[in-house]
Amino acid sequence: WIVRFRPNHGLWALFGDHEMDLHEMASRLTECALSERLWLRFRAFTGTWPKIVITCENLGAYIDLPLPPTAMAVFSPGADIEAAAALLNALPGAQWVHFGDIDPDGLEIAENLGRGTGRTVQFYVPSFAEEYLPGRPTETPWKGIPDRSIFHQLKRTHKRIFQEVFMLDGRLSDDLLAMTNSYGMP
């Protein structure tokens, strides 16, 4: 597998006896993409840890997410969570939220990540998401849901909201910054 992530400012990693500036790498290449073979030599993150790690299930949202400087984004494509879980496990004290489609499949991906890392699921929903209701029909039936108004409304109407609709909303950057600032340092 390959773990793909967009690191926060100041994050370094130690591979064997070589230290790598991950933010510098990502500033040149858009992101860090580390193969499983390289990951096996990973020893530790050094430098400044992220305030929050945000996993994204869709590639477009992952690439275009307007990250605050203290946040990290990790690509976690659907049911293929092994690489994202390995990275989250290497940051045991960092806060984590999942930003995915607001639908049964998005919740399942977040729950799989939570189980794979022993973490409590925190699902990031932009504060303005209810403006995107009623949403689109869902093909997967809703089961258990977080106790939040938007989930109740979507379950009741058998609808969903894809995370990509938020990417062009100018409020997303400020909303992510406010969410990130609500968490303390790990």
Side-chain angles (χ1 to χ4, degrees), residues 2-14 19-34 39 42 44-78 80-102 106-107 109-114 116-129 146 148 150 161-186:
I2 293 177
V3 61
R4 295 176 65 178
F5 62 101
R6 295 175 46 216
N8 57 288
H9 290 257
L11 187 66
W12 289 65
L14 188 58
E19 198 167 31
M20 186 181 305
D21 183 339
L22 298 173
H23 187 263
E24 175 65 23
M25 175 193 291
S27 68
R28 293 174 188 256
L29 303 174
T30 308
E31 66 179 335
C32 293
L34 307 178
W39 190 258
F42 173 82
F45 283 113
T46 61
T48 306
W49 277 28
K51 268 189 172 183
I52 193 158
V53 179
I54 305 167
T55 51
C56 292
E57 66 187 65
N58 295 310
L59 185 58
Y62 159 74
I63 290 171
D64 294 331
L65 194 66
L67 280 179
T70 59
M72 171 193 285
V74 180
F75 184 46
S76 182
D80 186 10
I81 66 161
E82 187 176 0
L87 189 140
L88 284 169
N89 286 332
L91 292 165
Q95 296 292 323
W96 163 64
V97 298
H98 182 71
F99 177 46
D101 294 333
I102 308 173
L107 284 174
I109 291 166
E111 289 166 1
N112 287 340
L113 276 166
T117 60
R119 293 173 182 246
T120 301
V121 174
Q122 299 292 321
F123 202 91
Y124 170 66
V125 176
S127 62
F128 50 86
R148 293 168 71 178
I150 193 163
I161 300 174
F162 294 115
Q163 72 183 130
E164 290 88 351
V165 301
F166 304 120
M167 300 317 296
L168 296 177
D169 193 309
R171 298 172 290 180
L172 183 60
S173 181
D174 288 340
D175 199 67
L176 281 165
L177 181 61
M179 185 265 304
T180 299
N181 286 339
S182 72
Y183 289 96
M185 290 301 289

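Note that the structure is predicted; figures quoted are calculated from it, not measured. Heavy atoms only: backbone and side chains are in, while hydrogens, waters and symmetry mates are out.
The side-chain contact (heavy atoms from CB on, under 4.5 Å) test with Pro66 singles out one residue from Asp174, Asp175, Leu176, and that residue is Leu176.
Using a 4.5 Å heavy-atom cutoff, the side chains of Tyr62 and Ile54 are not in contact. By the 4.5 Å heavy-atom criterion applied to side chains, Leu107 and Pro146 are counted as neighbours. With contacts defined as side-chain heavy-atom distances shorter than 4.5 Å, the pair Leu65/Met167 qualifies. Using a 4.5 Å heavy-atom cutoff, the side chains of Thr55 and Leu88 are in contact.
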| request: Take Phe42 and Val3 through the side chain to side chain contact (heavy atoms under 4.5 Å, CB included) test and state the conclusion after the steps. | output: CA-CA 12 Å; Phe42 173 82; Val3 61; over 6 Å; no

| request: Apply side chain to side chain contact (heavy atoms under 4.5 Å, CB included) to the pair Leu22 and Phe45, showing each step before the final yes or no. | output: CA-CA 10 Å; Leu22 298 173; Phe45 283 113; 3.6 Å; yes

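Proximity of a side-chain donor or acceptor of Asn8 to a complementary backbone N or O of Thr48 within less than 3.5 Å is detected. With hydrogens and angles disregarded, no donor-acceptor distance shorter than 3.5 Å links the side chain of Asp21 to the backbone of Trp12. Under a 3.5 Å cut-off, the side chain of Asn58 and the backbone N or O of Gly60 do not form any donor-acceptor pair.
Atom CE in Met72 sits 10.5 Å away from atom NE2 in His23 (nearest 0.5 Å). With rounding to the nearest 0.5 Å, the separation of CZ in Phe123 from CG in Leu113 is 10.5 Å. Taking CZ of Arg6 as the start and CG of Leu11 as the end, the distance is 14.0 Å to the nearest 0.5 Å. Atom CZ of Phe5 sits about 9.0 Å away from atom CG of Leu91, to the nearest 0.5 Å. Considering CG of Leu87 and SG of Cys32, their distance stands at 9.5 Å, rounded to 0.5 Å.
For Leu168, the CG atom is loosely surrounded, since the number of other residues' heavy atoms within 6.0 Å does not exceed 12.
Checking Glu111 against His98 by side-chain atom types alone, no donor-acceptor pair falls below 3.5 Å.
Taking the six-membered ring where tryptophan is involved, the planes of Phe99 and Phe166 are tilted, since the angle between them lies from 30° to 60°.
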